[in-house]
Amino acid sequence: LGLLAYALFVVFFKPADVLKADVSIKPASHVSDKGYEVLPVAITSNPTIQALIAEDPGRVQLVNFFSYACYGCMRWHPFLDTWAKQHAQNVTVHQVPILFNKAWEPFARIYFIVKALKRNDALDTKLFETIQARSLDLTDKKNLADFFKKHGVPPQTVEDLYDSFS
């Protein structure tokens with residue numbers, strides 16, 4: 001599924017175009033089909049999407065659907081991270097964890113733990129490496145607690161945050 005997710009991401013979001021897009025120009029002056037596509041009203045009228053846009057109106061908004069369980073997402077992460085930092089003055093990146101099946105739910109919970117701790121910059125890459133490259137099962141709560149403890153987060157905090165999402 002990871003490869004499928006990455007393939008869908010590449011087809012629909014054209015990461016090569018995104019990385020080359022000139023984001024120094026205000027979004028209203030961009031030309032459709034030149035590095036990006038205008039999303040249909042069915043998507044942009046969604047209240048969740050409207051809330052994301054309202055956070056930083058007038059800026060380029062990139063919504064990255066990902067999972068720590070996705071190999072393609074791990075490969076894409078360093079490019080997106082570098083690009084987002086280079087264009088931080090004009091771009092807002094929203095991370096949205098996706099679930100292709102129930103087995104991916106713990107990875108979404110892990111993302112929200114990291115977000116609640118405000119540690120995405122420090123831990124996203126380490127999580128991808130631990131889950132994908134080292135094949136450590138972080139769906140196991142003991143392994144998860146050990147991972148966060150190694151990075152300065154008390155196990156009780158991890159447990160409380162993990163169980164706080166429904």
Side-chain angles (χ1 to χ4, degrees), residues 1-101 104-132 138 148 151 153 158 161-162 164-166:
L1 270 181
L3 185 57
L4 174 61
Y6 182 66
L8 290 173
F9 183 84
V10 171
V11 169
F12 290 112
F13 295 99
K14 301 180 182 177
D17 289 343
V18 170
L19 294 177
K20 290 187 263 180
D22 179 5
V23 295
S24 62
I25 302 169
K26 291 195 177 281
S29 65
H30 280 200
V31 177
S32 180
D33 297 325
K34 300 287 184 192
Y36 78 100
E37 293 179 29
V38 175
L39 295 173
V41 173
I43 293 173
T44 59
S45 63
N46 177 289
T48 302
I49 300 299
Q50 286 294 313
L52 292 176
I53 293 169
E55 285 180 24
D56 286 311
R59 291 171 54 96
V60 173
Q61 306 280 326
L62 187 139
V63 179
N64 181 40
F65 298 95
F66 83 103
S67 174
Y68 294 123
C70 169
Y71 179 76
C73 298
M74 179 189 73
R75 304 262 323 214
W76 164 247
H77 175 74
F79 298 105
L80 175 61
D81 192 47
T82 299
W83 180 84
K85 286 176 182 169
Q86 288 172 345
H87 300 289
Q89 71 280 6
N90 298 317
V91 175
T92 300
V93 177
H94 303 281
Q95 302 283 19
V96 179
I98 56 171
L99 307 173
F100 281 115
N101 58 54
W104 282 26
E105 182 181 314
F107 301 109
R109 289 178 179 269
I110 292 167
Y111 166 76
F112 287 113
I113 290 170
V114 173
K115 184 175 180 182
L117 295 169
K118 298 181 175 151
R119 302 272 311 269
N120 291 81
D121 285 345
L123 294 177
D124 277 346
T125 299
K126 291 175 179 156
L127 281 161
F128 276 121
E129 289 171 356
T130 300
I131 293 165
Q132 296 292 332
L138 293 187
F148 278 102
H151 297 287
V153 181
V158 174
L161 286 170
Y162 189 92
S164 71
F165 307 111
S166 54

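Just so you know, residue 1 is the first one in the sequence shown, and it goes up from there.
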Undergrad: Decide yes or no for Leu127 and Phe107: does some side-chain heavy atom of the first lie under 4.5 Å from some side-chain heavy atom of the second?
TA: no

Undergrad: With side chains defined as the heavy atoms from C-beta onward, is the minimum distance between Tyr111 and Val96 less than 4.5 Å?
TA: no

Undergrad: Run the side chain to side chain donor-acceptor pair (under 3.5 Å) test against Thr82 and tell me which residues pass, sequence neighbours left out.
TA: none

Undergrad: Quick one: list whatever passes ring-ring contact (aromatic ring centres under 6.0 Å, His included) with Tyr68, sequence neighbours left out.
TA: Phe66, Phe128

Undergrad: With His94, which residues qualify under ring-ring contact (aromatic ring centres under 6.0 Å, His included), at least two apart?
TA: none

Undergrad: How many angstroms lie between OG1 in Thr130 and CE in Met74, if you round to the nearest 0.5 Å?
TA: 11.0 Å

Undergrad: Minimum heavy-atom separation for Leu138 and Ile110, please, with both atom names.
TA: O-CD1, 3.8 Å

Undergrad: Could you pull out all residues at least two apart from Thr125 that satisfy side chain to side chain contact (heavy atoms under 4.5 Å, CB included)?
TA: His77, Glu129

Undergrad: Nearest heavy-atom pair of Asn64 and Gln95: which atoms, and what distance?
TA: ND2-OE1, 2.7 Å

Undergrad: For Glu105, give me all partners under side chain to side chain donor-acceptor pair (under 3.5 Å), at least two apart in sequence or on another chain.
TA: Lys102, Arg109

Undergrad: Quick one: salt bridge (Lys or Arg N to Asp or Glu O under 4.0 Å) pairs with a partner in residues 83-96, sequence neighbours left out?
TA: Asp81-Lys85

Undergrad: State the CD-CD distance between Gln61 and Glu55, to the nearest 0.5 angstrom.
TA: 7.5 Å

Undergrad: Report the residue from Ile113, Asn120, Val114 that forms a side chain to side chain contact (heavy atoms under 4.5 Å, CB included) with Leu117.
TA: Ile113

Undergrad: Ignoring hydrogens, what is the shortest heavy-atom contact between Ile98 and Trp104? Give both atom names and the distance.
TA: O-CE3, 3.6 Å

Undergrad: What residues form a side chain to side chain donor-acceptor pair (under 3.5 Å) with Thr92, not counting sequence neighbours?
TA: Asp56, Arg59

Undergrad: I want to check something: taking the side chain as every heavy atom from C-beta on, are Val153 and Arg119 in contact at a cut-off of under 4.5 Å?
TA: yes

Undergrad: Please list, chain by chain and in numerical order, all residues satisfying ring-ring contact (aromatic ring centres under 6.0 Å, His included) with Tyr162, sequence neighbours excluded.
TA: none

Undergrad: How many angstroms lie between OG in Ser67 and CG in Asn101, if you round to the nearest 0.5 Å?
TA: 9.0 Å

